[in-house]
Number of protein chains: 2
Amino acid sequence: MFIEIRYLRSLQAISNSRSLADAAQQLHITQSALSHQIKAFENYFETPLFFRGRKPLKLTPAGERMVSLAENILPQIVQAEYELKRISGGELGRLHITIECHACFEWLMGTLGSYRKNWPDIEVDLRMGMSFDAISALAQGDIDLVISSDPITTDGICFEPLFPYEGRLVVDPEHNLAGKPFVQPSDLADQTLITYPVPRSKLDIFQYFLTPEGVEPKAVRHAELTAMILQLVASKRGVAVLPDWVLYESTISGQLCSLPLGEQGLHGMLYAAVRKSDTQLSFIQDFINLASLAVTTNGMPLSTGTQCPKIGC
Amino acid sequence: MFIEIRYLRSLQAISNSRSLADAAQQLHITQSALSHQIKAFENYFETPLFFRGRKPLKLTPAGERMVSLAENILPQIVQAEYELKRISGGELGRLHITIECHACFEWLMGTLGSYRKNWPDIEVDLRMGMSFDAISALAQGDIDLVISSDPITTDGICFEPLFPYEGRLVVDPEHNLAGKPFVQPSDLADQTLITYPVPRSKLDIFQYFLTPEGVEPKAVRHAELTAMILQLVASKRGVAVLPDWVLYESTISGQLCSLPLGEQGLHGMLYAAVRKSDTQLSFIQDFINLASLAVTTNGMPLSTGTQCPKIGC
DNA sequence: TATAAACATGAATTCTCTTCATAATTATTA
DNA sequence: TAATAATTATGAAGAGAATTCATGTTTATA
């Protein structure tokens, strides 16, 4: 491969000049340099590029072929350089998000809607229920942001807090637990528990509430969608544990009741995990900012992540 | 403009390698060279091209953008280089022909038919009746070959003889000149002469026969097509002067008669004019060879150009 | 934790491109 | 047509950039 960008630029300049000397001036090189350059090219391909000694400089077919190549290629390169500059400036980029927590889908759609308006040139994508480990996929560069309630200190990964949440038991208003101030692990031993179809290790209710006490529900059923879980609970097919932001609408309308898990309640924090190298990108920061304000009560943010510590940053 | 072909090749190699070292090997440079190269690129665009320290090497979006650029551009360059080599090898080229002599159209179409089979990758084009000077257009590179009976010694232009021809007077079989052994200038003073619509200086009949004797035909009419001229003569609307190769068919079938102009006849030679720089190209030589054999009588070439001198070569 | 693999870095070298000065060629003008 | 101007070509020297070499640093794997 002999052709270089330089030759393309030279041929293009020559094609709209009356002489080599003119073209050289356009290119900000000496006439000699251009002459050497063209000669090297002609020697390599063993064909002249222009007719010598003609008043208006005229390209040979070989020269014209090079010009057409230049006219194809140079604009593509200009465009690519422009995009690279925009990538480095954080105007253009990719935000592939994975959510480990199913219930996050509820607020994330709203957040993404307004985010897309702010960042029309960021390629946003969302993938749920990944089979592989989301955090290592993040580290590998397969995805760019993970919404997780389970910060695992990982090299090169930073967990930015979004907002705290409380996992609450959801029951139908006529359920015998409905009136209680809080629920104890043993209360669930004779209940059907409805969960998202994920490993128990990913479910706070098992990891922090039931398993430590050795309690096993009467039955465990799965549902993929939050709306479906709520409907199943409302129709008395079982109880569920969901984060408070999901329950706000259902409970104030009296369709469902929720109560804390244990006297203290089961509290957690939602994080956005990103690569450390991406934390300074404004389109990442803005997403985190928008996400931290996503869940509101009466128009006020439930809480902002700024009150809580970052992890691994 | 910072991007160079080299970077495109490097990025492409990196994208199908498991490590920089592998890619460097593919590229036949050292790992160090590639590392320097990538670093320079990343410094310029202020954005990384791949994630460091990950087991399977992974490109950043910026890196992927470069790979897609490379995949667009490199094949185009390979193709262009291939075509340039073919141009210099004389396999690929352009043969734009201009005919100064209208009657040449008759045999040229046949010649071009077989020529195209021999040279499928030569871009053949034919232009008749140019307003400008064909020979200087040839010198300028606007066209590549001129069929002419009028060799003008011109710098850089070579006239290769094709075949001799005789300009003969064509009359209908019942014309009063039909039986004569030859025609004299004065015989035409009371005739209507039908010619191609070109300046008299381009017509042998005026330049070499009538004008030197101060004879003017009774009338001059024009017709663009040879077939039309023959038809006009056959229907007794006038007489014409045409080269012998046009008349062969019509005269043997007895539809028309032809007779020499003057006792010696009016003889000329047809030439193919080409740029000296093109004379060695085999697709040019082959065209000239085919053209010189174009006009035959009883399957034998009327005469070949090899018996006659080249001019200006 | 040790060892291997992968990547980064600085200095020296090699190579290529450009410039400078000037020659040779071609076009224009008196 | 000679003379002048314009254009292109060329050789040598200089500048600049890419590569290599040798080695350091970091990251992964046994």
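Chain naming here is simple, since letters A, B, ... match the order of the sequence lines and numbering starts at 1 in each.
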| query | Is any side-chain N or O of A/His36 under 3.5 Å from a base N or O of D/dT8, one able to act as donor and the other as acceptor? | reply | no
| request: Just say parallel, tilted or perpendicular for the rings of B/Phe2 and B/Phe45, cut-offs at 30° and 60°. | output: perpendicular
| task | Please tell me which of the listed nucleotides, D/dA18, C/dT18, C/dA6, lies nearest to the side chain of B/Arg18? | result | C/dA6
| task | Answer yes or no: side-chain N or O of A/Ser32 and base N or O of D/dT8 forming a donor-acceptor pair under 3.5 Å. | result | no
| task | Could you check how far OH of B/Tyr44 sits from C1' of D/dA17, rounded to whole Å? | result | 16 Å
| query | Can you tell which of D/dT20, C/dA6, D/dT8 lies closest to the side chain of B/Thr30? | reply | D/dT20
| A/Ile14 has an atom CD1; how far is it from atom C1' of D/dT8, in whole Å? | 11 Å
| task | Round to the nearest Å and state the distance from A/Ile3 atom CD1 to C/dT16 atom C1'. | result | 18 Å
Side chains of residues 20-36 of chain A: which donor-acceptor pairs under 3.5 Å do they make with residues two or more places apart or in other chains?
residue	atom	partner	partner atom	Å
A/Asp22	OD2	A/Arg18	NH1	2.8
A/Gln26	NE2	A/Ser17	OG	3.1
A/Thr30	OG1	A/Ala33	N	3.1

| said: Give me each pair satisfying side chain to side chain donor-acceptor pair (under 3.5 Å) with a member in residues 80-89 of chain A, each pair once, sequence neighbours excluded. | reply: A/Gln79-A/Glu83, A/Glu83-B/Arg65, A/Arg86-A/Glu91, A/Arg86-A/Asp121
| said: Does A/Leu57 reach a base, just sugar-phosphate, or nothing at all? Heavy atoms under 4.0 Å. | reply: sugar-phosphate
| task | Check the distance between D/dA18's C1' and A/Glu4's CD and give it to me in whole angstrom. | result | 12 Å
| task | Could you work out which one of D/dA18, C/dA6, C/dA8 sits closest to the side chain of B/Leu20? | result | C/dA8
| Roughly, in whole Å, what's the span from CD1 in B/Ile29 to P in C/dC7? | 13 Å
| message | Would the base of D/dA18 count as contacting B/Gln37 through its side chain, where contact means a donor and an acceptor less than 3.5 Å apart? | response | no
| query | Between atom CZ in A/Phe51 and atom P in D/dT8, what is the gap in whole Å? | reply | 14 Å
| task | Could you tell me whether the side chain of A/Tyr7 and the main chain of A/Gln37 form a donor-acceptor pair under 3.5 Å? | result | no
| request: Rounded to the nearest angstrom, tell me the gap between atom CG in A/Leu27 and atom P in C/dT19. | output: 10 Å
| said: With a 3.5 Å cut-off and heavy atoms only, can you find an N or O donor on one side and an acceptor on the other between the side chain of B/Ser35 and the base of C/dC7? | reply: no
Please tabulate, one pair per line, each protein N/O and nucleotide N/O from nucleotides 24-26 of chain C that are separated by under 3.5 Å, including the distance.
residue	atom	partner	partner atom	Å
C/dT26	O3'	A/Gly53	O	3.0

| Does A/Lys39 make a side-chain N or O approach to OP1 or OP2 of D/dT10 shorter than 4.0 Å? | yes
| Aromatic ring pairing B/His102/B/Tyr196, orientation class (parallel under 30°, perpendicular over 60°, tilted between) | tilted
| message | Determine whether a donor-acceptor pair (N or O, by modelled atom type, separation under 3.5 Å) exists between the side chain of A/Glu100 and the backbone of A/Ile147. | response | no
| said: Are there over 12 heavy-atom neighbours, none belonging to A/Asn43, within less than 6.0 Å of that residue's CG? | reply: yes
| request: Using the closest heavy atom to pick a nucleotide of DNA chain C for each, name whichever of B/Ile38 or A/His28 lands nearer the 5' end. | output: B/Ile38
| To the nearest angstrom, how far is A/Leu34 atom CG from C/dC20 atom C1'? | 16 Å
| query | Got a donor-acceptor pair under 3.5 Å from the side chain of B/Gln31 to the base of C/dA6? | reply | no
